[in-house]
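Not measured: the values here are computed from a predicted model. Each ligand, and each atom within it, is numbered from 1 in the order the structure gives. Throughout, residue positions are numbered sequentially from 1 according to the sequence presented.
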Amino acid sequence: MRILVTGGAGYIGCHTCVVLAERGHQIVIADNFVNSSPLVLQRLGRLTQKVIASHRVDLRDHEALNTLFSTYRFDAVVHFAALKAVGESCERPLDYYENNVCGSIALLQAMVRAKVRRIVFSSSATVYGDPQQVPLDEAAAVQPCNPYGRTKAMIEQLIGDLCASDPMFTAACLRYFNPVGAHPSGLIGEDPSGIPNNLMPYICQVAVGRREQLRIFGNDYPTADGTGVRDYLHVLDLARAHADALEYLADTGRNLTVNLGTGQGISVLQLLRAFEQACGREIPYEIVERRPGDVATIYADPTLAASTLGWRTELDLDAMCRDAWNWQMSNPDGYRALERVRRIPA
Ligand code: NAD
Ligand code: WQD
């Protein structure tokens with residue numbers, strides 16, 4: 001298939017491009033690089049041994065989208081492009097609704113015009129908010145508790161409405177739990193700008209000496225060791241699910257909304273200890289106040305992904321930590337170091 005990957009230069013997008021290329025698909029990336037570096041594209045070229053077409057496009061730019069859809073005849077779209085920081089979404093809600101929701105509407109309109117009727121959408125476990133019970137299956141109530149989560153729920157709805165209006169239009173909404181890790185080559189990985197919001201990149205930056213110590217947000221949760229419990233999954237397992245979802249849509253013509261996680265809850269302290277094993281050094285930490293908006297425990301019931309897509313995670317917590325550390329060690333300053341090298345005059 002020829003696939004448009006929006007947000008393909010980002011963390012999950014670039015890993016998915018590798019998997020899609022390995023399965024023989026042709027990829028075109030559209031990204032405005034608001035949260036990524038064009039230097040990822042060189043790395044993708046090295047990894048895939050293919051030239052991956054890429055266009056600097058903001059999804060809200062209808063003209064640019066129309067040009068893209070008239071330049072290529074796409075069979076499907078994998079839609080990652082979004083802003084994703086929960087805290088920032090509370091401070092700048094309109095920017096989040098505009099970027100994520102309006103960007104998605106513009107994309108869907110361009111798809112409808114070009115008669116491209118297959119989409120895989122990056123949704124999030126965050127649509128469940130503070131769950132009533134775990135593990136969470138897809139029948140659990142959708143009640144996001146921050147603007148970022150509400151953009152995801154809205155986009156799921158508008159995709160659902162579009163599918164209802166046109167039976168030829170098929171969609172898979174993938175609700176990711178907590179993706180971590182990196183490609184084992186160490187060539188691509190997570191490279192947050194500024195202070196990382198998420199646990200794994202923060203631990204990586206402490207381990208590599210960029211930050212002094214981890215702050216653990218609360219050890220008084222009703223969990224085994226008092227720290228928050230999440231469902232971490234390897235980004236390559238997650239990437240594989242996108243290729244599986246595309247094949248599912250093509251083969252069955254059915255729509256799907258599905259959780260993607262391991263089904264196993266891991267606490268902050270468990271993740272920290274596994275990471276220490278992987279990197280062979282101690283990670284200093286202090287316990288601080290709970291982070292507002294955090295829930296105690298959330299993990300997936302991934303049964304539906306197995307029965308529909310035949311998808312299960314294959315990589316364990318040790319592999320997640322090993323690959324995250326390998327990426328961080330090989331690229332202590334992320335892609336920025338490459339940018340600096342590029343700026344040095346010859
Ligand atoms: P990321 O920020 O690394 O990647 C998103 C990419 O989209 C970036 O390259 C960014 O430059 C691009 N982008 C943003 N707005 C754009 C726009 N208007 N036009 C064009 N490009 C734009 O994030 P990620 O971690 O790779 O996440 C990918 C998707 O998965 C997002 O939709 C995110 O909400 C979702 N998701 C992520 C997680 C997670 O923990 N990382 C969990 C659940 C869901
Ligand atoms: C995990 C655990 C923290 C950082 C967020 C978004 C969610 C999704 C994934 C996109 C929690 C603790 C964290 C730190 C800590 N993204 N922690 N110290 O909160 O499950 O999910 O990212 O869709 O929408 O909400 O992930 O990695 O931020 O936190 O103690 O410096 O680590 O309290 O228990 P979270 P996280």
Go through the steps for Arg175 and Glu138 under the test salt bridge (charged side-chain N to carboxylate O under 4.0 Å, His left out), then give the verdict. CA-CA 9 Å; Arg175 293 176 177 166; Glu138 293 78 1; over 6 Å; no
Mind running side-chain contact (heavy atoms from CB on, under 4.5 Å) on Gln328 and Asp323 for me, showing each step along the way? CA-CA 9 Å; Gln328 191 69 66; Asp323 292 337; over 6 Å; no
Please test His242 against Phe121 for ring-ring contact (aromatic ring centres under 6.0 Å, His included), starting from the C-alpha separation and ending with a verdict. CA-CA 9 Å; His242 294 75; Phe121 168 60; over 10 Å; no
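Side-chain contact annotation: Asn66 with Arg113, donor-acceptor N/O pair under 3.5 Å present. Tyr248 and Asn255 form no side-chain donor-acceptor contact under 3.5 Å, judged by distance and modelled atom types alone. Using a 3.5 Å distance cut-off with no hydrogens or angles, the side chains of Ser104 and His79 do pair a donor with an acceptor.
Residue contact check: Val57 has heavy atoms under 4.0 Å from atoms 19 (N), 20 (C) of ligand 1. The contact set between ligand 2 and Ser124, taken as ligand atoms under 4.0 Å from a residue heavy atom, comprises 10 (C), 23 (O), 24 (O). Atoms of ligand 1 lying under 4.0 Å from any heavy atom of Ser122, numbered from 1 in the order shown and given with element: 29 (C), 30 (O), 32 (O), 35 (C). Taking every heavy atom of Val86 and a limit of under 4.0 angstrom, the matching atoms of ligand 2 come to 6 (C), 24 (O), 25 (O). Close approach of ligand 1 to Phe33 (heavy-atom distance below 4.0 Å) involves ligand atoms 11 (O). With ligand atoms numbered from 1 in the order given, ligand 2 contributes 34 (O) to contacts under 4.0 Å with heavy atoms of Gly228. Atom numbering of ligand 2 starts at 1 in the shown order; those under 4.0 Å from a heavy atom of Thr126 are 24 (O). Within ligand 2, the atoms closer than 4.0 Å to a non-hydrogen atom of Ile216 are 30 (O), numbered from 1 in the order shown. Under a 4.0 Å criterion applied to the non-hydrogen atoms of Val268, ligand 2 contributes the atoms 2 (C), 12 (C), 32 (O), 34 (O).
From the protein, the heavy atom lying nearest to atom 4 (O) of ligand 1 is Gly10 CA, 3.4 Å. Annotation: atom 15 (N) of ligand 1 to nearest protein heavy atom, Asn99 ND2, 3.1 Å. Counting protein heavy atoms only, atom 13 (N) of ligand 1 is closest to Asn32 OD1, 3.5 Å. When hydrogens are left out, the protein atom nearest atom 2 (O) of ligand 1 is Asn35 ND2, 2.7 Å; that is the closest non-hydrogen contact. In terms of protein heavy atoms, atom 3 (C) of ligand 2 is closest to Asp294 OD2, 3.4 Å. Among all non-hydrogen protein atoms, the one lying nearest atom 31 (C) of ligand 1 is Phe80 O, 3.0 Å. From the protein, the heavy atom lying nearest to atom 11 (C) of ligand 2 is Arg230 NH2, 3.6 Å. With respect to atom 8 (C) of ligand 1, the closest heavy atom belonging to the protein is Asp31 OD2, 3.6 Å. Here the protein heavy atom with the shortest distance to atom 34 (O) of ligand 1 is Tyr148 OH, 2.6 Å. In terms of protein heavy-atom proximity, atom 21 (O) of ligand 2 is closest to Asn178 ND2, 3.8 Å. Closest protein heavy atom to atom 29 (O) of ligand 2: Arg291 NH2, 3.4 Å. Atom 5 (C) of ligand 1 has its closest protein heavy atom at Ala82 O, 3.9 Å.
For the pair Tyr232 and ligand 2, a heavy-atom separation below 4.0 Å is found. The shell of residues lying under 4.0 angstrom from ligand 1, judged by heavy atoms, excludes Gly103.
Residue Gly7 holds the heavy atom nearest to atom 6 (C) of ligand 1 of all those in Ser123, Gly7, Ser36. With Tyr128, Tyr148, Phe217 as candidates, the residue nearest to atom 16 (N) of ligand 2 on a non-hydrogen basis is Tyr148. Of the candidates Lys84, His79, Lys152, the one placing a heavy atom closest to atom 24 (P) of ligand 1 is Lys84.
Looking at heavy atoms from C-beta onward, Leu83 lies out of side-chain contact with Tyr148 at the 4.5 angstrom threshold. Looking at Tyr202 and Asn197, their side chains never come closer than 4.5 Å, going by heavy atoms from C-beta outward. Annotation: side chain of Phe169 is in contact with side chain of Cys163 (closest heavy-atom distance under 4.5 Å). Residues Ser54 and Phe33 form a side-chain contact, since some pair of their non-hydrogen atoms from C-beta on lies under 4.5 Å apart. The side-chain heavy atoms of Asn99 and Arg60, taken from C-beta on, include a pair separated by under 4.5 Å. Side-chain atoms of Cys204 and Phe275, non-hydrogen and from C-beta on, do get closer than 4.5 Å to each other. Between Asp231 and Ile298, the closest side-chain pair of non-hydrogen atoms is not below 4.5 Å.
One finds no salt bridge joining Asp166 and Lys115 here, because no Lys/Arg side-chain nitrogen approaches an Asp/Glu carboxylate oxygen to under 4.0 Å. A salt bridge does not link Arg312 with Asp237: none of the charged nitrogens is closer than 4.0 Å to a carboxylate oxygen.
Residue contacts with ligand 2 for Asn197 involve N, CA, C or O but no side-chain atom from C-beta outward (heavy atoms, distance under 4.0 Å). The part of Arg215 lying near ligand 2 is the backbone, judged by heavy-atom distances below 4.0 Å. Using a 4.0 Å cut-off between heavy atoms, Leu199 contacts ligand 2 through both its backbone and its side chain. Proximity of Tyr221 to ligand 2, defined as any heavy-atom pair under 4.0 Å, is not found for any part of the residue. Within the 4.0 Å heavy-atom criterion, both parts of Asn198, backbone and side chain, lie near ligand 2. Contacts between Tyr11 and ligand 1, counted as non-hydrogen atom pairs separated by less than 4.0 Å, involve both the backbone and the side chain. Both the backbone and the side chain of Val34 come within 4.0 Å of ligand 1, judged by heavy-atom distances. By the criterion of a heavy-atom distance under 4.0 Å, neither the backbone nor the side chain of Thr6 is placed next to ligand 1.
The local environment of CD in Glu247 is crowded, with over 12 non-hydrogen atoms from other residues, nucleotides or ligands closer than 6.0 Å. Enclosure of atom CD in Glu286 by more than 12 non-hydrogen atoms of other residues, nucleotides or ligands within 6.0 angstrom is indicated. Residue-environment remark: CZ (Arg290) exceeds the threshold of 12 foreign heavy atoms within 6.0 Å.
By the 3.5 Å distance cut-off applied to N or O atoms, Leu59 is counted among the residues near ligand 1. Not a single N or O atom of Ala81, backbone or side chain, sits closer than 3.5 Å to an N or O atom of ligand 1. The N/O atoms of Lys84, backbone and side chain alike, include none that comes under 3.5 Å of an N/O atom in ligand 2. Some N or O of Ile12 is nearer than 3.5 Å to an N or O of ligand 1, by distance alone. Between Tyr176 and ligand 1, no N or O atom pair is found at a separation short of 3.5 Å.
Note: Phe74 and Phe69 have perpendicular aromatic rings, judged against thresholds of 30 and 60 degrees for the angle between ring planes.
Hydrophobic clustering (ILVMFWY, side-chain heavy atoms < 4.5 Å, transitive): Ile29 and Leu246 are in one cluster.
Two rings, from His15 and Phe80, have their centers 6.0 Å or more apart.
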